[in-house]
Amino acid sequence: MAKLQPVRGTHDLIGDDARAHLAIVEAAREIADRYGYGPMSTPIFEFTDVFQRTLGDTSDIVTKEMYTFEDKGGDSLTLRPEGTAGIARAVISGGLRNELPLKCFYTGPMFRHERPQKGRLRQFHQIGVELIGVAEPSGDVEAIALGADILDALGILSETTLELNTLGDGESRARYRDALVVYFTAHIDKLSDYSRERLQRNPLRILDSKNADDRAVITDAPVFDDYLSDDARTFFDAVRSGLDTIGIAYTLNPRLVRGLDYYSHTAFEFTTEALGAQGTVLAGGRYDGLIETMGGPATPGVGWAAGVERLAMMLGETAPATRPIALVGMGEDGERETVRLAHELRRAGLAIELLYKGGMKRGLKRADRINAAAAILIGDDELAKGSVTVRNLDSGEQADVAIADLTDHLAAYR
RNA sequence: GUGGCUGUAGCUCAGUUGGUUAGAGCGCCUGGUUGUGGUCCAGGAGGUCGGGGGUUCAAGACCCCUCAGCCACCCCA
């Protein structure tokens, strides 16, 4: 830390950026509420174990991306890299098992020690939902519909594609995994270095490789469809027909995978071409094995998370803030009166900007800069008459308004 | 963690083969207007040239290291 600067990969949210983030979260929260997904908040740090056990010792997040530290009591704590683990932990430790299904919406910062690039930060923000305790495909459909509704409300659904895949049940996936290992091992000389590593850790990931040589090998790789159990196929068909019923379009992407064992059945991502290499905007899936993996009773779950920064990048111009009315006081008495009036008018529901000092010229200049719709001028002349001057800053027209009539007069600016 | 590109005023950027006091536009401040903004005119403030080291008579420019940003890989929101 040679210099006063933000930590790499972190970002201040100021002005319009802050407003845009808030607007996204608020829009999402409101829609989630309509679906019955109520707010829930878990700590931004947990015992390291919570993430280690849920995410698996071989995942990238655990092996190299966690912000882990020891607290003064000697416990190993970790800044949360994602939201699901904490909620799953709360389900177990908070006795929420008796209140299933749990439907929740969460938002907040996440932390991953990655190299920053477009759409990727070390501290970023997510919104997300979880539906825990529902094993039916209608739960998957509901979660996806909720995500689509939020994207639609933000005006960006049409810029995204919903990619959909099934990871089957554990048995199907184990057999498929074995088949892949056999196939890729036979072609190991043609694989990239990265994919050779993946072959050890997570063979399904090879299917998702961007490497041209890998792609050639992948073309003839075994397809999951041949290994899918009847139950898994039935489940996936039900999800698909559910989406069809409510008119949500999707593309099947057999290469869309999740590494960890507790994932099952549905995997989906809303992706876009608009964000460069980090095209995933909202992604999730079913994690029926998660809570059991953490030491709880077998409990099904499905959910997703979306990156607020990525959503914000797609939004472009934000809706302008409501135009305030500026109060400009001249002289001591005038300034005192603006303070009193500001309080009164704000309590009457108007957006008021108090221009603390500096006289009329400066006051009007500032009123203009903050995009005020009107300025209320109060000086000795006005005080003597018991009125104020209301200047429309667009037309330049001015009116002498008795203080008693002011609220009515200003109704035009609401 | 790996690779490529880039760091000059609050912002966007010029700055010639190394040459004297580092510039522009926008923004900001002041005045023209002792009670009238947005336009115009005049003036002004604002720079460790990301940081450190080196080469040189001389470095914003060249070399090395480092930090940061961007983009990509990896991975993911």
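In what follows, chains carry the letters A, B, and so on, assigned in the order in which the sequence lines appear, proteins first and then strands, with residues in each chain numbered from 1.
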Quiz item: Whole Å only: how far is the CD atom of Gln126(A) from the P atom of A77(B)?
Solution: 6 Å
Quiz item: With rounding to whole Å, what would you report as the distance between C67(B) and U48(B) at their P atoms?
Solution: 22 Å
Quiz item: Parallel, tilted or perpendicular: which fits the ring planes of Phe111(A) and Tyr67(A), with parallel below 30° and perpendicular above 60°?
Solution: perpendicular
Quiz item: What is the nucleic acid contact for Ala283(A), judged by heavy atoms within less than 4.0 Å: base, sugar-phosphate only, or nothing?
Solution: sugar-phosphate
Quiz item: Which nucleotide in the list A77(B), C75(B), G37(B) gets nearest to the side chain of Ala305(A)?
Solution: A77(B)
Quiz item: What pair of heavy atoms forms the shortest contact from Gly301(A) to Asp288(A), and how long is it?
Solution: N-OD1, 3.2 Å
Practice problem: Take atom C1' in G69(B) and the same atom in G37(B), then report the distance between them in whole Å. | Solution: 38 Å
Practice problem: Write down the distance between CG (Leu275(A)) and P (C70(B)), rounded to a whole number of angstrom. | Solution: 14 Å
Quiz item: Is Arg112(A) side chain donor-acceptor paired with the A77(B) base, going by distance under 3.5 Å alone?
Solution: yes
Practice problem: Name the nucleic acid region contacted by Glu309(A), choosing base, sugar-phosphate or nothing; use a 4.0 angstrom heavy-atom cut-off, strictly under. | Solution: nothing
Exercise. Go through the N and O atoms of the side chain of Arg115(A) and the base of C70(B), and report whether any donor-acceptor pair is under 3.5 Å.
Key: no
Quiz item: Heavy atoms, side chains only, cut-off 4.5 Å: are Pro109(A) and Ile44(A) in contact?
Solution: yes
Quiz item: With rounding to whole Å, what would you report as the distance between G52(B) and C70(B) at their P atoms?
Solution: 23 Å
Quiz item: CD of Gln117(A) versus P of U2(B): gap in Å, rounded?
Solution: 15 Å
Shorter than 3.5 Å, N or O on both sides, protein versus nucleotides 25-31 of chain B: list them out with atom names.
residue	atom	partner	partner atom	Å
C28(B)	OP1	Arg369(A)	NE	3.4
C29(B)	OP1	Arg369(A)	NH2	3.4

Exercise. For the pair Tyr227(A) and Tyr176(A), name the ring-plane relationship: parallel under 30°, tilted 30 to 60°, perpendicular over 60°.
Key: tilted
Quiz item: Looking only at N and O atoms, is any donor in the side chain of Arg8(A) or the base of C67(B) less than 3.5 Å from an acceptor on the other one?
Solution: no
Exercise. To the nearest Å, give me how far apart CD1 (Ile378(A)) and C1' (G35(B)) are.
Key: 13 Å
Quiz item: Which nucleotide in the set G35(B), C75(B), G38(B) lies at the smallest distance from any side-chain heavy atom of Asp368(A)?
Solution: G38(B)
Exercise. Pick the C1' atom in G15(B) and in U21(B), then give their distance to the nearest Å.
Key: 15 Å
Practice problem: For His113(A) and A77(B), give me the distance from atom NE2 to atom C1', rounded to whole Å. | Solution: 18 Å
Exercise. Would you mind reporting whether Asn211(A) and Ser195(A) have side-chain heavy atoms less than 4.5 Å apart?
Key: no
Quiz item: Of the candidate nucleotides G38(B), A72(B), A77(B), which contains the atom at the shortest distance from the side chain of Arg391(A)?
Solution: G38(B)
Quiz item: Hey, does the side-chain of Glu382(A) have a donor or acceptor N/O within less than 3.5 Å of a partner on the base of G35(B)?
Solution: yes
Self-check item: Thr389(A) and Glu382(A) side chains, donor-acceptor separation under 3.5 Å
Solution: yes
Quiz item: Does the side chain of Lys210(A) get closer than 4.0 angstrom to OP1 or OP2 of C73(B) through an N or O atom?
Solution: yes
Self-check item: Close side-chain approach of His11(A) to Pro6(A), heavy-atom, < 4.5 Å
Solution: no
Quiz item: With a non-hydrogen cut-off below 4.0 angstrom, is Ile127(A) in contact with a base, only sugar-phosphate, or nothing?
Solution: nothing
Practice problem: Take atom CZ of Arg120(A) and atom P of C74(B), then tell me their distance rounded to the nearest Å. | Solution: 10 Å
Quiz item: Picking from C75(B), A72(B), A77(B), which would you name as closest to the side chain of Glu65(A)?
Solution: C75(B)
Quiz item: Taking atom types as modelled and ignoring hydrogens, do the side chains of Thr272(A) and Glu159(A) form a donor-acceptor contact shorter than 3.5 angstrom?
Solution: no
Exercise. Classify the ring geometry between Phe268(A) and Phe270(A) as parallel (under 30°), tilted (30 to 60°) or perpendicular (over 60°).
Key: perpendicular
Quiz item: Is the phosphate of C76(B), meaning OP1 or OP2, less than 4.0 Å from a side-chain N or O of Gln278(A)?
Solution: no
Practice problem: Starting from P on A77(B), measure out to CZ on Arg80(A) and report it in whole angstrom. | Solution: 14 Å
Exercise. Look at the side chain of Thr389(A) and decide which nucleotide, out of G38(B), G35(B), C76(B), has an atom nearest to it.
Key: G35(B)
Self-check item: Members of residues 188-198 of chain A that approach RNA chain B, where some heavy atom sits under 4.0 Å away
Solution: Tyr194(A), Arg198(A)
Practice problem: Quote, to the nearest angstrom, the P distance that separates U33(B) from G38(B). | Solution: 14 Å
Quiz item: In whole angstrom, what separates Glu114(A)'s CD from A72(B)'s P?
Solution: 14 Å
Practice problem: Pick the C1' atom in C29(B) and in C13(B), then give their distance to the nearest Å. | Solution: 23 Å
Quiz prompt | Base-paired stems in RNA chain B, each at least three Watson-Crick or G-U pairs under 3.5 Å | solution = B:1-7 with B:67-73, B:10-13 with B:23-26, B:28-32 with B:40-44, B:50-54 with B:62-66
Quiz item: Should Val257(A) and Asn202(A) count as side-chain neighbours, where that means a heavy-atom distance under 4.5 Å?
Solution: no
Quiz item: Which part of the nucleic acid does Asn211(A) contact within heavy-atom distance under 4.0 Å: base, sugar-phosphate only, or nothing?
Solution: nothing
Exercise. State whether a side-chain donor-acceptor pair under 3.5 Å links Tyr194(A) with Asp214(A).
Key: no
Quiz item: Under 4.0 angstrom, heavy atoms only, what part of the nucleic acid is Gly9(A) near: base, sugar-phosphate, or nothing?
Solution: sugar-phosphate
Self-check item: Inter-nucleotide P distance (U6(B), U16(B)), Å rounded
Solution: 15 Å
Practice problem: Specify the residue among Gly276(A) and Met330(A) whose closest nucleotide of RNA chain B lies further upstream toward the 5′ end. | Solution: Met330(A)
